[in-house]
Student: 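My questions all concern the structure below.
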Amino acid sequence: MRSWRKMFVVRTAAMSVIGTLAFGSAAAATAYHNAISQIDVQDLDGLVTEVVEPKDPSDPFKDEPVNLLLMGTDIRDGSNADIGGVVDGMRSDTTMLVHISADRQWMEIVSLPRDTFVDIPSCKLPDGSQSQPYRDKFNASFTVGSGGTDLKHAAACTINTVNAITGVTVTNHAVVKMNGVIDVVDAIGGVKMCLPEALHGDPRSARIDLPAGENRLDGKTAIQFLRVRKGTGMGLEMGSDLTRIERQQAFINATFRQILSAETLADPTKTFRLINAALGSLSADPAIANPGSVAGLAWSLREIEKRNIIMTKIPVYDTTENGVSGLGWGPEAAETFARVAADEPPEEVVLDEPEPSASPSGSGATEEGSGETGGESDGAAEGDAGTEGDAGDGATEDDTADGGTAEGGTGDKPAKPKPSPSPEVLLEGVCA
């Protein structure tokens, strides 16, 4: 019998996983927070002898891939102005396409560089009119759609642009503000990062100074780490949005690892702080803002291996259009998006191979395999035997003398050993 308290902690923690990728934001509605705060929780663990275990939340997106577009914005309203200064209008700061595979075994996060020249389609504006299609940098789609102030239309125009330029259909979206990052990071007690060198930001753009080695970033430091573009250390000398994307991906990866660690999940206080801080930190479509839907989706990801959370950068090159410097996408970008649209995993994903089924016959070979097909296998094994290191060399006399197989194999050829997965390569700044 599982404890009600334990089940609640694990499931509410699972709900935060999706949004953690959006700079640590949880995709759930503020209304859900209000409802939770009014509930009188009665823990009956140990008092009731026969307790019906609560059902696992169902995934409304089951067997379907999810393409979640996460848009960070530097809108300077309220406390956001204290973080980045007072600036009129709103702009897209960081945009990431999160692809969750239909089988829930892997996830890929593709960063979309803001300075890439793209064709922005016609978008509906807040006053009911339509903008004209034109070519500009990618983050301009957020600005033109907003009409200067409307977050909903800004998100819609960005989604239209992503659909048009990638061929991937965005199924869901969420917009994250800067102050949401601070609350969530502080709720989990900061994010631990291991920096390969000291990092010093240019005070004119971001106030941050971190030594080399292990650092625990609190909320205010984390937002500066995500925003900084100029200074020294970890590519800041380049003043490039591309090196900033690398640092952002490292931070997201580190945050995700910490959410999944016992450090967070084993501490109910941290878990509830995280949920409460995250619930009001974003604007999202109805499906993502629905706590039941998100709980089911997050719960379906509970067994995903951390190594199968893949961070992908779009290959780019420097270019100039109409006298303005920017970026163009390399030809590999089309291949990446075609693969995402087809729900095909990147090469880095390591999936468990299904166990071979037991053969009905004692010899391990099927009737068909002992005939013509089996003859081909014999020939292949014979040819392989002369090649150093091939499977033929590793076969023992007992393996092949009577047509039997090695454990798990089929036909006359011994089963190839399953290759050991290569060591995980961590992003620079992520602690092992």
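Any value given below was found using the heavy atoms of this structure, including those in side chains, with hydrogens, waters and symmetry copies removed.
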Student: Determine the minimum heavy-atom distance between T161 and V118, stating which atoms define it.
Tutor: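 In this case the closest contact between T161 and V118 is CG2-CG2, 4.1 Å.
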
Student: So, do L97 and I109 sit near enough that their side-chain heavy atoms are less than 4.5 Å apart?
Tutor: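 In short, these two side chains do not touch, never coming nearer than 4.5 Å.
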
Student: With respect to M96, which candidate in I252, T312, L69 satisfies the side-chain contact (heavy atoms from CB on, under 4.5 Å) definition?
Tutor: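 With M96 as partner, side-chain contact (heavy atoms from CB on, under 4.5 Å) holds for just one option, I252.
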
Student: Check whether S131 reaches the backbone of C123 with its side chain - one donor and one acceptor, N or O, closer than 3.5 Å.
Tutor: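 Checking the backbone N and O of C123 against the side chain of S131, a donor-acceptor pair under 3.5 Å is found.
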
Student: Salt bridge check, D202 against R229: does any charged N sit closer than 4.0 Å to a carboxylate O?
Tutor: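 D202 and R229: not salt-bridged.
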
Student: Between F138 and W329, is the gap from one ring center to the other below 6.0 Å?
Tutor: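 No, ring centres 6.0 Å or more apart.
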
Student: Would a distance-only check, ignoring hydrogens and angles, find a side-chain to backbone donor-acceptor pair under 3.5 Å from T116 to L327?
Tutor: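 The answer is no, because no donor-acceptor pair under 3.5 Å joins these two groups.
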
Student: Heavy-atom distance under 4.5 Å between the side chains of M71 and T94, does that happen here?
Tutor: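 Answer no - side chains too far apart.
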
Student: Look at atom CG of D127 and say whether more than 12 heavy atoms of other residues, nucleotides or ligands are closer to it than 6.0 Å.
Tutor: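 Counting other residues, nucleotides and ligands, CG of D127 exceeds 12 neighbours.
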
Student: Would S146 and H153 count as a side chain to side chain contact (heavy atoms under 4.5 Å, CB included) here? Give the steps.
Tutor: CA-CA 5 Å; S146 73; H153 285 78; 5.8 Å; no

Student: Going from CD1 on I245 to NZ on K313, what distance comes out if it is rounded to the nearest 0.5 angstrom?
Tutor: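 The NZ atom of K313 is 8.5 Å from CD1 of I245, to the nearest 0.5 Å.
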
Student: Between D218 and D186, is there a donor-acceptor pair closer than 3.5 Å when you use the side chain of the first and the backbone of the second?
Tutor: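 Not confirmed, D218 side chain does not pair with D186 backbone.
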
Student: Counting C-beta onward and ignoring hydrogens, is there a side-chain heavy-atom pair between M311 and N253 closer than 4.5 Å?
Tutor: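 Sidechains of N253 and M311: in contact.
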
Student: With the threshold set at 4.0 Å, does a side-chain nitrogen-carboxylate oxygen contact exist between R339 and E108?
Tutor: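 Yes, charged N to carboxylate O under 4.0 Å.
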
Student: For the backbone of A102 and the side chain of D343, can you confirm whether one donor and one acceptor N or O come within less than 3.5 Å of each other?
Tutor: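 Side chain of D343 to backbone of A102, a donor-acceptor pair under 3.5 Å: yes, one is there.
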
Student: So, taking the atom named NZ in K152 and the one named NE2 in H173, what distance separates them when rounded to the nearest 0.5 Å?
Tutor: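 Separation between the atoms: 10.0 Å.
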
Student: Cut-off 3.5 Å, side chains only: do T232 and E237 have a donor facing an acceptor?
Tutor: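 Note: T232 and E237 side chains miss the donor-acceptor criterion.
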
Student: What distance separates R244 CZ from Q248 CD, expressed to the nearest 0.5 Å?
Tutor: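 Between atom CZ of R244 and atom CD of Q248 there are 5.0 Å.
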
Student: I need the minimum non-hydrogen distance between S240 and T243, along with the two atoms involved.
Tutor: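 Nearest pair, atom of S240 first, then T243: O-OG1, 3.0 Å.
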
Student: Roughly how far apart are C194 SG and E214 CD, rounded to 0.5 Å?
Tutor: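 One gets 5.0 Å once the value is rounded to the nearest 0.5 Å.
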
Student: Output, in order, the C-alpha distance, side-chain angles, deciding distance and verdict of side chain to side chain contact (heavy atoms under 4.5 Å, CB included) for Y134 and D119.
Tutor: CA-CA 6 Å; Y134 77 112; D119 293 319; over 6 Å; no

Student: Just checking Q130: does its CD atom have more than 12 heavy atoms from other residues, nucleotides or ligands closer to it than 6.0 angstrom?
Tutor: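 Yes.
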
Student: Got a second to check how far I314's CD1 is from L112's CG, nearest 0.5 Å?
Tutor: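 Taking CD1 in I314 and CG in L112, the distance rounds to 6.5 Å.
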
Student: Which heavy atom of G167 sits nearest to which heavy atom of A341, and what is that distance?
Tutor: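 Looks like O-CB, 4.1 Å.
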
Student: Please report the interatomic distance CG(N308) to CD(E305), rounded to the nearest 0.5 Å.
Tutor: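 Spacing of CG (N308) from CD (E305) equals 5.5 Å.
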
